Amino acid sequence: MAEIRVRFPPSPTGYLHIGGARTALYNWLLVKKLGGKLVLRIEDTDVERSTEASAQAILDGLKWMGITWDEGPYLQSDYAEHHRETAEALVQKGAAYRCYCTKEELAAKREAAQAAKKSFQGYDGTCRDLTDEQRAAFESEGRESVVRFRVPRQEGSVGFNDLVFGLTEVSLAELDDFVIVRSNGVPLYVLSNVADDHRDRITLVLRGADHLVNTPKQVMLYQAMGWDVPQFAHMALTLDPKKAKISKRRHGEVVTVQFYRDHGFLPWAFCNFMAMLGWSTGDDRELYETPEDLIRAFSIEGMAKRNSVFNYRKGDPKFITDPKALHINALHLRTMAVADLAPHVKQQLEAASIWDTAWDEGGDRRTWFLELLELIRVRYHLLTDFVTLARAFFDDDYPMDAKATKKSLRKDPALAQYLPQLAERLEGLETYNLETTETTLRALCEELSIKPGLLINASRVAITGQGVGPGIFDVFTALGQDRTCARLRDKAKLVEQPATPSPQS
RNA sequence: GGCCCCAUAGUCUAGCGGUUAGGACGUCGGCCUCUCACGCCGAAAUCCCGGGUUCAAUUCCCGGUGGGGUCACCA
């Protein structure tokens, strides 16, 4: 059996959006599963809208996702000659013909048909059976012409067996003689796509269901050329919560792949989420630790026929994107090997200019770094949380959360004394660890007759700037004796200071 | 509007004639606890409607409704 060859043919008219990303991902998964080749083809024949920057952005998006291709990227525009030859061949065979109707004439006819509420509003076949003389007359008139495919005027239908939707056919009577070459000589998508897929020896076309109803036309093109018709598998679409098509224009950055890269998603977690939109194995699994895991499980049979909704609510203060996407990212964040997580966190810290190269080298500092990640990652959802919520662990310059400061640090004016006292006790410790710090703090509270919670929560805010975080003794230990004590003393000064102005207060 | 496709909680889904309709996210409550998170326990919430077929329909058939796709000299 010949090897499977699939393709991903984005048109470079904008960033890679989640629909395209999912199509690319499914094609890639399939190829990895079945051991074939993925061809990348940039369909740039729409000169008006195509830009090189978009093409680059799409490539970047794919690379970030970890999607690799085996051939290309080919540029569709490089094969214009081949497309024209194909069209010419169709005309020679009599499978297509030149049509001299002007756009105005066609528009008028269409309007008339609409006004008359005719069910068939396609091309009426005016130029379908022109004699050589008539044609010559139009040519000498200088009329421009398009090339139309000659749909057989007979009973019956064209169809194909879609791997997802099953037998899909359309009655020939429903099809009009569609244009395959523009008057300026440039072939249309329906033709160039077929010509390219044939030239690239594509055996399976896996694409969005928006192409489903156009596929019979393409099948006719293959057949007219005497080419093997590839298999088709159409994937249901991804819509927004209002069931509208996803578009950058309507939804903004949140539907682009770069958004997820820039907002702290792990590339693979993003893929994992995308894969689950409209595909399942039948078991309850939704976390695929590695690409290999997913590849093993993937199959066309699991693809849903119904459209799925990308559950993003604009302006939601709690969820920057689909909550499930966030959840899957968090799941990966806390279950992947810490050593694999480390480079991603490093990237974030570097971007924030708070990376210390000592954390890179082997030894204690490296160990400290990895252990810290283990300690804090369980409560984060995004990689960016490591530079915001976790900032105090990596940098001595950290912001003080206004609410937490008010709630815990200024809870009791006496904390202005308690915190330095605690610092003094901790400083005196010869062995500074989880147990000794806890014993020390609790003993102090006992002596002062205060609840440990008071000192614990105040300490947390003092040394991390936040009211939430890991257990306090873990934080003491992670931060180390010197930094902990210095911060306790330093922030004790804030206890009785007037509240810093904040939007909240 | 014509043609085509689809239809299980708010969302992603399992189900393929007989189930207390399963799981996940989200929501709410509880446990744990120095906070938050994790984890654990629990709750609310679903078979679009109407006809058939059948001893029995979420499941099969038909119709309706709803949603989507597509009807270009865009891709």
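Below, chains carry the letters A, B, ... as their sequence lines are ordered, and counting in each starts from 1. Treat the numbers as computed from the prediction; the structure is a model and nothing was measured.
Across all strands shown, U20(B) forms no Watson-Crick or G-U wobble pair with both key distances under 3.5 Å. The partner of C3(B) is G69(B), judged by Watson-Crick or G-U wobble contacts that both fall below 3.5 Å. Under the Watson-Crick or G-U wobble criterion, with both distances below 3.5 Å, C34(B) has no partner in any strand shown. Base pairing of A43(B): its partner is U27(B), meeting the Watson-Crick or G-U wobble criterion (both donor-acceptor distances under 3.5 Å). Nucleotide G63(B) forms a Watson-Crick or G-U wobble pair with C49(B), both donor-acceptor distances falling under 3.5 Å. Across all strands shown, C74(B) has no partner, as no Watson-Crick or G-U wobble contact with both distances under 3.5 Å is found.
With RNA chain B read from its 5' end, the first of the two nearest nucleotides for His211(A) and Asp322(A) is the one closest to Asp322(A). Nearer to the 5' terminus of RNA chain B, by closest-nucleotide assignment, is the contact made by Ala325(A) (compared with the other of Pro187(A) and Ala325(A)).
Comparing atom distances between the Asp210(A) side chain and each of G69(B), C38(B), A24(B) picks out G69(B) as nearest. Side-chain proximity of Val213(A) to G69(B), C25(B), G68(B): nearest is G69(B). Here C34(B) is the nucleotide among C38(B), C34(B), A75(B) with the atom lying nearest to any side-chain atom of Asn457(A). Out of U35(B), G2(B), G10(B), the shortest distance to the side chain of Arg460(A) is found at U35(B). When the nucleotides C25(B), C74(B), G69(B) are ranked by their closest atom to the side chain of Lys245(A), G69(B) comes out on top. If you check U27(B), G69(B), C34(B) against the side chain of Ile472(A), the one that comes closest is C34(B). In the set C3(B), A75(B), U70(B), C3(B) carries the atom at the smallest distance from any side-chain atom of Val170(A). Taking the side chain of Arg334(A) as heavy atoms from C-beta on, and the options U27(B), C3(B), C38(B), the nearest nucleotide is C38(B).
Contacts of Pro323(A) with the nucleic acid, taken as non-hydrogen atoms under 4.0 Å apart, involve only primed sugar atoms and P, OP1 or OP2. Contact annotation for Gln76(A): backbone-only contact, meaning every heavy-atom pair under 4.0 Å involves sugar-phosphate atoms and none involves a base. Within 4.0 Å (heavy atoms only), Leu239(A) reaches sugar-phosphate atoms of the nucleic acid but no base atom. Residue contacts shown for Phe319(A) are limited to sugar-phosphate atoms, with no base heavy atom under 4.0 Å away. Nucleic acid contact for Pro241(A): none, since no nucleic acid atom lies under 4.0 Å from a heavy atom of the residue.
For the C1' atoms, the distance linking C71(B) with C16(B) amounts to 34 Å, nearest Å. With C1' as the reference atom, G50(B) and A57(B) are 14 Å apart, rounded to whole Å. Comparing A9(B) with U59(B), their P atoms sit 14 Å apart, to the nearest whole Å. U58(B) and U19(B): their P atoms are spaced 10 Å apart (whole Å). For the P atoms, the distance linking G51(B) with G10(B) amounts to 24 Å, nearest Å. Using C1' as the reference atom, C28(B) and A45(B) are 11 Å apart when rounded to the nearest Å. The C1' atoms of C47(B) and U13(B) are separated by 13 Å, rounded to the nearest whole Å. Only the P atoms considered, C60(B) is 35 Å distant from C40(B), to the nearest whole Å.
Here His234(A) does not lie in a stacked arrangement on the base of G69(B), lacking the combination of planes under 30° and ring centres under 5.5 Å apart.
Outside the 6.0 Å centre-distance limit, the rings of Phe178(A) and Tyr123(A) are not counted as a close aromatic pair. In this structure, His211(A) has its ring center under 6.0 Å from that of Tyr189(A). Ring pair Phe298(A)/Trp279(A): centre-to-centre distance below 6.0 Å.
For the pair His327(A) NE2 and G39(B) C1', the interatomic distance rounds to 12 Å; values are reported in whole Å. If you measure from atom CZ of Phe270(A) to atom C1' of C12(B), you get 15 Å, rounded to the nearest angstrom. Rounded to an integer number of Å, the gap from Ile58(A) CD1 to A75(B) P is 15 Å. Rounded to an integer number of Å, the gap from Gln218(A) CD to U70(B) P is 14 Å. Taking atom OH of Tyr288(A) as the reference point, atom P of A24(B) lies 15 Å away to the nearest angstrom. Taking atom CZ of residue Phe160(A) and atom C1' of nucleotide C4(B), one finds them 10 Å apart after rounding to whole Å. The separation between Leu191(A) atom CG and A75(B) atom C1' is 13 Å, rounded to whole Å. Rounded to whole Å, atom C1' of G10(B) lies 11 Å from atom NZ of Lys243(A).
Contact record, Ile42(A) with Pro73(A): CG1-CB, 4.0 Å, taken as the closest heavy-atom pair.
Applying the side chain to side chain contact (heavy atoms under 4.5 Å, CB included) test between Val255(A) and each of Thr321(A), Ile246(A), Leu16(A) identifies Ile246(A) as the sole match.
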For this session: Under the salt bridge (charged side-chain N to carboxylate O under 4.0 Å, His left out) rule, what do Arg41(A) and Asp200(A) come out as? Steps first, then yes or no, please.
Result: CA-CA 10 Å; Arg41(A) 189 169 64 224; Asp200(A) 291 334; 2.8 Å; yes

For this session: Kindly indicate, with the supporting measurements, whether the criterion side chain to side chain contact (heavy atoms under 4.5 Å, CB included) is fulfilled by Glu447(A) and Arg425(A).
Result: CA-CA 12 Å; Glu447(A) 287 174 36; Arg425(A) 299 280 179 104; 2.7 Å; yes

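Phe270(A) and Phe265(A) have perpendicular rings, their planes meeting at more than 60° on a 0 to 90° scale where under 30° would count as parallel. Between Tyr74(A) and Tyr79(A), the angle of the ring planes goes over 60°, which puts this pair in the perpendicular group of the 30/60° scheme. Below 30°, between 30° and 60°, or above 60°: for Phe232(A) and His234(A) the angle between ring planes is below 30°, a parallel geometry.
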Expected rows: protein N/O vs nucleotides 71-73 of chain B N/O, under 3.5 Å:
unit_1, atom_1, unit_2, atom_2, d
C73(B), O2, Ser183(A), N, 2.9
C73(B), O2, Ser183(A), OG, 2.9
C73(B), N3, Ser183(A), OG, 3.0

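One finds the CZ atom of Arg153(A) at 11.0 Å from the CG atom of Leu175(A) (value rounded to the nearest 0.5 Å). Rounded to the nearest 0.5 angstrom, Leu419(A) CG and Arg487(A) CZ are separated by 14.0 Å.
Atom NZ of Lys407(A) has 12 or fewer heavy atoms from other residues, nucleotides or ligands within 6.0 Å.
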For this session: Using a 4.0 Å heavy-atom cut-off, write out nucleotides 13-23 of chain B from 5' to 3' as B (base contacted by protein), S (sugar-phosphate only) or - (no contact).
Result: BS-------BS

